[in-house]
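Reviewing the structure listed below.
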Number of protein chains: 2
Amino acid sequence: MITSTVENYVKQIYLQQQENPADLLPMGKLATAMNVVPGTATAMVKALADSGLVDYEPRGGIRLTHGGEQLALHVLRRHRILESFLVEILGLDWSEVHEEAETLEHAVSDKVLERMDHLMNRPQYDPHGDPIPTAKGQISHIRLMPLSDMAPGTSAQVARVADQDAAFLRFAEKNGLLPGVKFSLISSDSQADAVTIRLRNKQTITLGGKAAEKILVRKKTG
Amino acid sequence: MITSTVENYVKQIYLQQQENPADLLPMGKLATAMNVVPGTATAMVKALADSGLVDYEPRGGIRLTHGGEQLALHVLRRHRILESFLVEILGLDWSEVHEEAETLEHAVSDKVLERMDHLMNRPQYDPHGDPIPTAKGQISHIRLMPLSDMAPGTSAQVARVADQDAAFLRFAEKNGLLPGVKFSLISSDSQADAVTIRLRNKQTITLGGKAAEKILVRKKTG
DNA sequence: TGCCCTCTTTTGAATAATCAAAATCACTTA
DNA sequence: TAAGTGATTTTGATTATTCAAAAGAGGGCA
């Protein structure tokens, strides 16, 4: 049966796998991501393999089957539409919607989701800039560059803020680092592990390497 | 722990108890309402009693404690606000929202619920005319008269449609029997077990006793 | 080659919720 | 008051998910 636990595992496997699409996902990574002890992950993965959602190589790792990936994308779609809805229609802060959507994604029906999607005019990205998979299970795979990799003097706009930690998101929001915001890179010092950018409103922000990696950007075209 | 199963039991106990507020609710009634075998209800009720949510008299029956009633009212509040939201904001049909709310009521946070409530301007009744408990756990206890008890020649308005069956709700909607609609009782024949009413738009509708019992009315004042 | 370290799997146990079926209780009714 | 009836409780099992801790596998290094 597809319980919400199964949905969470499959979603997490998908997300983890994205970071290393070529390799099998090791058990330990999954266990950590799911916040369970390794034995639990092993047990669960066996059940997922029996349901045909993952391919499992003992002591090797796992990989989603096509069916598993479709399920993951549907869960992700629900999650991201909900996040958008909570921000745009209900006016919640983007720093808090991840948690809310985490629960609701297992409870909304396709019908309700469709209404939400329609009411928002079918957004393609959620408030953090993550692409929303289509109802058919397609997702855009545009490669984005981390702010930390930009060359000094170049301009770009924020495309995605890849962190769901509420504190970081509040920090980003307070500093105007929202998807769509344009800026240029003033300086980048690899020794200091810091980059400084200037927004359109002349405000400058300096980020350490860790933070700069979480801001994914799109080169300004034109 | 307050799982959604616990919430469902407590809500159902509350609802069943309303039909006979003076007596203890017998196990069998609860088991039937929850769609489980009697033994399951017994086991669950013991757990609820341990959590202080119900008073349990073996072979006698059960009754919610104050805490249990407060929990039931909070679940009911979530359910009814959700129903209203699904109809008013997302445009679902009133015949289908009960099922949807049944799942969502265990997943929405108080924060999201508060936003929904606010967005709708804090309705006091849900689309079926059921009163929405306040956040503090108060609920209006207005005694309504079933349409089947009205005297011929009198006028009233529909206050509540006390059935969550989608087919009946669709029937009611199609015939204009929605909360707020005014009508007068043309005839009532106890032998024929039928009543005939006339709506403001001159349309007449004849209902059998069973259906007429589900339409709760409020005497027209003025 | 053998030991060690890390990761993974196995084993045994717990909790929540359920069912099927046997046992028990309480209440009529003859 | 004994038997029967219907509701309720008990007992034994099952499924899903989890943890703790023991056991096992594999690779690196001395």
Side-chain angles (χ1 to χ4, degrees), chain A residues 1-13 16-17 19-20 22-64 67-68 71-72 75 102-103 105-107, chain B residues 1-13 16-17 19-20 22-64 67-68 71-72 75 102-103 105-107:
Chain A
M1 209 207 332
I2 296 180
T3 61
S4 55
T5 307
V6 167
E7 290 189 344
N8 280 332
Y9 272 88
V10 167
K11 179 182 65 174
Q12 206 51 246
I13 293 168
Q16 293 294 314
Q17 191 117 70
E19 302 183 0
N20 237 104
D23 302 350
L24 292 177
L25 174 66
M27 268 333 193
K29 280 258 168 60
L30 177 59
T32 305
M34 289 302 299
N35 246 298
V36 295
V37 300
T40 301
T42 301
M44 194 63 204
V45 157
K46 283 183 182 173
L48 295 178
D50 286 347
S51 312
L53 294 167
V54 306
D55 287 329
Y56 169 44
E57 292 188 16
R59 296 192 191 270
I62 55 179
R63 168 173 291 140
L64 287 178
L71 177 56
V75 178
E102 206 64 15
T103 311
E105 70 188 11
H106 308 295
Chain B
M1 208 206 334
I2 295 181
T3 62
S4 55
T5 307
V6 167
E7 290 189 344
N8 279 332
Y9 272 88
V10 168
K11 179 182 65 173
Q12 204 52 245
I13 293 168
Q16 294 293 314
Q17 191 116 72
E19 303 185 0
N20 238 104
D23 301 350
L24 292 176
L25 176 65
M27 268 332 195
K29 281 259 168 61
L30 176 60
T32 304
M34 289 301 299
N35 247 297
V36 294
V37 299
T40 302
T42 300
M44 194 63 205
V45 157
K46 283 183 180 171
L48 295 179
D50 286 348
S51 312
L53 294 167
V54 305
D55 288 329
Y56 169 45
E57 291 187 17
R59 301 199 186 261
I62 53 179
R63 169 174 290 140
L64 288 179
L71 176 56
V75 177
E102 207 63 15
T103 310
E105 69 189 11
H106 309 295

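Here is how names work: the chains are called A, B, and so on, in the same order as the sequence lines, proteins then strands, and each is numbered from 1.
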**Separation of atom CG in A/N8 from atom C1' in D/dT18, rounded to whole Å** = 14 Å
**Proximal nucleotide (of C/dA20, C/dT9, D/dT9) relative to the B/P38 side chain** = D/dT9
**Interatomic distance, A/M1 CE vs D/dT17 C1' [rounded to whole Å]** = 12 Å
**Complete:** From CG of A/L25 across to C1' of C/dT8 the rounded distance in Å is 13 Å
**Fill in**
For A/H106 and A/N8, the nearest pair of non-hydrogen atoms, with its separation, is NE2-OD1, 2.9 Å
**Prompt:** What residues in residues 41-59 of chain A put a non-hydrogen atom under 4.0 Å from any atom of DNA chain D?
**Reply:** A/M44, A/R59
**Prompt:** Any donor-acceptor pair under 3.5 Å linking the side chain of B/Q17 with the backbone of B/D23?
**Reply:** yes
**Item:** Nearest-angstrom distance from the residue atom CG of A/N35 to C1' of D/dC19
**Value:** 13 Å
**Request:** Carefully, step by step, assess B/I2 and B/V10 under the rule side chain to side chain contact (heavy atoms under 4.5 Å, CB included).
**Result:** CA-CA 10 Å; B/I2 295 181; B/V10 168; over 6 Å; no
**Shortest non-hydrogen contact from B/Q16 toward B/A33** = NE2-CB, 3.6 Å
**Request:** Might you point out which heavy atoms bring A/L24 and A/E57 nearest each other, and give the distance in Å?
**Result:** CD1-OE1, 3.6 Å
**Message:** Distance check needed: C/dT18 C1' versus B/M34 CE, whole Å only.
**Reply:** 12 Å
**Prompt:** Whole Å only: how far is the CG atom of A/D23 from the P atom of C/dC7?
**Reply:** 16 Å
**Prompt:** What nucleic acid atoms does A/G28 come within less than 4.0 Å of, heavy atoms only: base, sugar-phosphate, or nothing?
**Reply:** sugar-phosphate
**Asked** Once you round it to whole Å, what is the distance between C1' of C/dT24 and CE of B/M27?
**Response** 15 Å
**Asked** What residues, two or more places apart in sequence or in another chain, satisfy salt bridge (Lys or Arg N to Asp or Glu O under 4.0 Å) together with B/K11?
**Response** B/E102, B/E105
**Request:** Remember a base hit wins even if backbone is also touched, and classify B/T5 as base, sugar-phosphate or nothing at under 4.0 Å, heavy atoms.
**Result:** sugar-phosphate
**Asked** Would one find a side-chain N or O of B/Y9 under 4.0 angstrom from OP1 or OP2 of C/dA16?
**Response** no
**Prompt:** Do you know which two heavy atoms are closest between B/P38 and B/A31, and how far apart they sit?
**Reply:** CA-CB, 3.8 Å
**Asked** Think A/T3 has a side-chain N or O under 4.0 angstrom from the OP1 or OP2 of D/dA16?
**Response** no
**Request:** Would you kindly give the CG-to-P distance between B/L30 and C/dT18, to the nearest whole Å?
**Result:** 11 Å
